[in-house]
Every structure is written in structure tokens, then in C-alpha cells.
Amino acid sequence: MNDPPPDTAAMLGALSHHRVLFVAVGGQAAIWQGAMRPTKDLDICPAWSRENLAGVAAALRDLGAQ
């Protein structure tokens, strides 16, 4: 069974809504910098403060992550 491609815009919107501090890394970040890579995932590295990680958790709940 193939999962549908992730909605990167929705993910970024949820992180922004919860004021999550993060940097994008990996394939998607490379594409944003002009690389030609076939990737559909979004890898982030959030700041590790308790408040920021609570924002990550809230964003994941908003997105229905399991």
C-alpha cells in the first residue's frame, strides 16, 4: 500500500502556527536550494526547548500524525 505524498505546505503551516523554531534539513531543504532530488519528505531539526517541543507536538496533533 502506498501512502499519499505528504502535504509539505500543511506541515510548514502547522509548525508556523505553533511558532516552532526549526531548520529544514535533508532532501527537501536541498530542493529549496536548487538541487534536483526526487524526495517528498520534510526533515526538520527543531530547537530543543520544552516550549518549542510542545509546539512540535501540537503541530503533529493538528496534522493527525500517528
Side-chain angles (χ1 to χ4, degrees):
M1 176 185 295
N2 291 335
D3 292 327
D7 185 346
T8 304
M11 289 182 228
L12 292 171
L15 292 167
S16 176
H17 175 75
H18 291 284
R19 299 179 172 258
V20 173
L21 300 175
F22 68 94
V23 294
V25 297
Q28 188 63 50
I31 288 171
W32 291 338
Q33 294 298 316
M36 303 294 280
R37 298 182 62 146
T39 184
K40 297 177 184 172
D41 62 331
L42 174 64
D43 302 308
I44 68 162
C45 183
W48 285 89
S49 71
R50 184 177 298 252
E51 179 181 42
N52 200 59
L53 293 177
V56 172
L60 290 171
R61 282 191 298 274
D62 287 356
L63 294 165
Q66 297 180 9

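Reckoned from all heavy atoms, side chains included, excluding hydrogens, waters and symmetry mates. Counting begins at 1 with the first residue of the sequence.
- Remark: Asn52 engages no residue in a side-chain hydrogen bond (donor to acceptor under 3.5 Å, both in side chains) (not counting sequence neighbours).
- Ala24 approaches Ala29 most closely through the heavy-atom pair O-CB, 3.5 Å.
- Considering every non-hydrogen atom in both His18 and Gly55, the closest pair reads CB-O, 3.7 Å.
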I'd like to know whether Met11 forms a side chain to side chain contact (heavy atoms under 4.5 Å, CB included) with Ile44, so could you lay out the CA-CA distance, the side-chain angles of the two residues, the decisive distance to 0.1 Å, and finally the verdict.
CA-CA 11 Å; Met11 289 182 228; Ile44 68 162; over 6 Å; no
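- When all heavy atoms are compared, the tightest approach of Leu63 to Ala10 is CD2-O, 3.8 Å.
- Of the inter-residue distances, the one linking Thr8 atom OG1 with Ile31 atom CD1 reads 8.5 Å to the nearest 0.5 angstrom.
- Two different hydrophobic clusters hold Val23 and Leu60 under the rule that ILVMFWY side chains link at heavy-atom gaps under 4.5 Å.
- Residues Val56 and Trp48 are not in side-chain contact: their nearest non-hydrogen atoms beyond the backbone lie 4.5 Å or more apart.
- Residues Asp43 and Gly27 approach most closely at OD2-N, 4.2 Å, considering heavy atoms.
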